[in-house]
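Quick caveat: nothing in here was measured; it's all calculated off a predicted structure.
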Amino acid sequence: MNANYLDDLNERQREAVTTLKGPLMIIAGAGSGKTKVLTTRIAHLMRNGVDAFNILALTFTNKAAKEMKERVEKILGGNEARNLYIGTFHSVFARLLRSDAPKLGYPSDFTIYDADDAKSVVKTIVNELNLDDKHYKPNLVYNRISAAKNSLMSPEEYQHDYYVQQEDQRANRPLVGKIYEMYAKRCFKNGAMDFDDLLYKMYVLLKGFPEVLAKYQHKFKYIMIDEYQDTNPAQYEIVKLLGAVHENICVVGDDAQSIYSFRGATIQNILQFEKDYDDVKVVKLEQNYRSTKSILNVANEVIAKNKGQIEKNLWTDNTEGDKIKLIRTNTDNDEGKFVSDTIAEQKLRNHYANRDFAILYRTNAQSRSFEESLRRMAIPYRIYGGISFYQRKEIKDFLAYLRVIINTRDEESIKRIINYPVRGIGKTTIEKITIYSNEQNITFWQVLENAREFGFKGGTLEAIENFVTMMHSFRVQLEKQNAYDVAVQVGKSTNIVKELFNDKTTEGLARYENIQELLNSIKEFTETPTEDGELLDKSLGSYLQQITLLTDADQGNDQDSDVVKLMTIHAAKGLEFPVVFTVGLEESLFPSGMSINSREELEEERRLFYVAVTRAKSRLFLTYANSRYRFGQLQQNEPSRFIDEMPDQYIDRSYAGGMRNAGNFGGGGVSWGGMFDKRKTPAQQSTPVTRTVSKPVSSGAASNHTPSPNFAADDPAQMEAGMDVEHQKFGFGKIMSLEGAPNNRIATVVFPKGGGEKKIMLNYAKLMIVRNSG
DNA sequence: TTAGGCGCTGTTTTT
DNA sequence: CAGCGCCTAA
């Protein structure tokens, strides 16, 4: 290893790195070498005889965890870093809970519900309580539940908390507490934890089982926490418990970059740290190595508008650099075009690569205009965030099978797959099963296993029994085969893979490829040895828990791909780029219209703006549009108030019409390198663009067939391919093929006069076989 | 029982 | 401009 690793540090950094014992708070300004300090400190701990097994480092993103691990390895050389416990709060606790969850009555292979799963459970319960889900919106209710858990509030406490109850009363949603209680019970019954449970139950475990607490207190003698300003009360309490014995707690953060209060994070955790422990050492990293003076000065001046910050003075030795460019465009599409044009221009003029650019926006929905313009310019890009791979419907469906194989208690997942692909177990049947399950207080799956005793008959019983048998066979296979083989078998037995393969539409093709990709990822998981601490758990259960915690940003090998990156500002935290475009700087968009009602909210938006600005190393472009499409309608927007908060001397406003509200972009005669010559006039612009929508090819030519006088439907079982048939409406036709289960056959019939080929469900649409009498 | 069409509604950020 | 829920045809 590099023996001189301390030499690369400045004085403050070295002080932070070499303070090994006791509570330590590192206030790390943007670009001040925070990750370097953290990783070097871990290495230094190990150089001073601390066993890797005794170090716990918690981060907020998998990406940060991965980077930290890699950098420690690099400093140390060899594979000493292998035994470190580095990960996100959620993934580390999920791993710990895997061994101790049974103490709380959960299976160790508990399912992890993502936000969609959780909302779906909430919705089910709202419906069960006969409440109106237009009023008790699952989203809102789930957010309340989530907030409760993040403050370690149980359903009982929630229902007895005066203040909380007042809030719910005022919102006219007095039953949220009841829903929370039922939600918690349902998740428990399902053997499932949501994201918040991973923290909440961890706390419950440590509180309720002193021997477990002692075990981890002993194990994690040194604890480090990244992005401490974004921790919530649950995380705070857990850390406090874990660190109570040794008090070797090192937190790193920057109150100016606290942007997750909507997720329950409280900035108080970092502001109060000094009061929480005796003899806290505070080290401030104030030298910025990332940005030009211009960029840093703008950032500093804007953030100074916030109150109650930890005092610090971020400075840099870097050059002054270009002024920040402020650009006003007429529409959101012009904004997209400007950014793409400028990227092309900057690549030529200053020899940047695609990967040197980032486009940062407040909301995911803003990505569209940039995608379009980048595509038109043939500039490769990648969008981070949005729907992650694992949230796609086909993936969730497939994973639901695997989840049920691992954890049959998981009712949510069973419901997802019990009739996918269609096997004749419909809404009515599912409702019955739910009722039996609730009445008898047994799991959904147990009702399925005993379907006959519960009085299911005929086709339904058969369908249920087939389903149960199939799932049983998967479970048996899992004992002998690895996760990949079982997954492949699931794809085959359920016909899912074949079905998608036969779907030749673009979306069908994409879905098929996604499933293949999923199978590959399972294969990779089973075959690659992990270096994740003590986790050498290659089981399917372990795999499922891991992937639920994966984000879109964690996917793929993007490090080396040369693409422009598009993401929300939230997603950009911790990253840096030579050239940054922060776009959509308009009132009600940024700051968000949802966050301008209180000083606290607005200050968080301002911190977000601070984060956006400080991502830039050498060039920063800020853009806003006079009008943009929102809710499918053209909307006029005022420039963001943050624009006025920036010091003039570092801003080049010549592309923003000089001053605020100075005419519109089109009339001002301002152009950027002559690239906006084809801009539309305002009059043209206001005309809505109506796209010519080609009418769907109508297969239904006027089908006014009069049925034969002796028309009588024939038994579907008698139908065969090649037969001539008559339909009451479509007239005469020929059966081309038949598919589907025997009790639910679907015929493809060609009706020459009735509009061509049609799929007919024989149970519902009647066909008569035409008997050739001569 | 299911798919697909139509109209209503809601829109921030994410582990 | 979605994505969802409800209704209808098959």
What N/O pairs connect the protein and nucleotides 10-14 of chain B at under 3.5 Å? Give each pair on its own line.
unit_1 : atom_1 : unit_2 : atom_2 : d
B:dT12 : O2     : A:R362 : NH1    : 2.8
B:dT12 : O2     : A:R362 : NH2    : 2.4
B:dT13 : OP1    : A:N364 : N      : 2.8
B:dT13 : OP1    : A:N364 : ND2    : 3.2
B:dT13 : O4'    : A:R362 : NH2    : 3.3
B:dT13 : O2     : A:R362 : NH2    : 2.6
B:dT13 : O2     : A:H570 : NE2    : 3.4
B:dT14 : OP1    : A:T568 : OG1    : 2.9
B:dT14 : OP2    : A:N364 : ND2    : 3.4

What I want to find out is whether A:E227 reaches A:K34 closely enough, with some N-O distance under 4.0 Å, to be called a salt bridge. yes

To the nearest Å, how far apart are A:E462 CD and B:dT1 P? 16 Å

Need one value for A:D114: base, sugar-phosphate or nothing, where a base atom within 4.0 Å counts as base even if backbone is also close, heavy atoms only. nothing

Using atom CD1 of A:I425 as one end and atom C1' of B:dT2 as the other, report the distance to the nearest whole Å. 15 Å

ring-ring contact (aromatic ring centres under 6.0 Å, His included) involving A:F60 - partner list, sequence neighbours excluded: A:F89

Between CG of A:L140 and C1' of B:dT9 the distance, given in whole Å, is 14 Å

Using the C1' atom as the point on both nucleotides, what is the distance between C:dC4 and B:dT13, in whole Å? 23 Å

For atom CZ of A:R95 and atom C1' of B:dT15, their distance in whole Å: 15 Å

Whole-Å distance between C:dC1 P and A:D332 CG? 12 Å

Checking A:S146 side chain against A:Y142 main chain: does a donor-acceptor pair fall under 3.5 Å? no

Do the rings of A:F642 and A:F590 sit parallel, tilted or perpendicular, given the 30° and 60° boundaries? perpendicular

Distance (rounded to the nearest 0.5 Å) between A:E605 CD and A:I569 CD1: 8.5 Å

The criterion is ring-ring contact (aromatic ring centres under 6.0 Å, His included); which residues satisfy it with A:F262, sequence neighbours excluded? A:Y260, A:H570

Could you tell me the separation between the CD atom of A:Q635 and the C1' atom of C:dC1, rounded to a whole number of Å? 13 Å

Residue of the set A:S640, A:P639, A:S592 for which side chain to side chain contact (heavy atoms under 4.5 Å, CB included) holds with A:E587: A:S640

Which part of the nucleic acid, if any, lies within reach of A:F195 when heavy atoms closer than 4.0 Å are counted: base, sugar-phosphate only, or nothing? base

Nearest-Å distance for atom pair CG/P, residues A:N127 and C:dC6: 9 Å

Starting at OH of A:Y236 and ending at P of B:dT15, how long is that distance when rounded to a whole Å? 25 Å

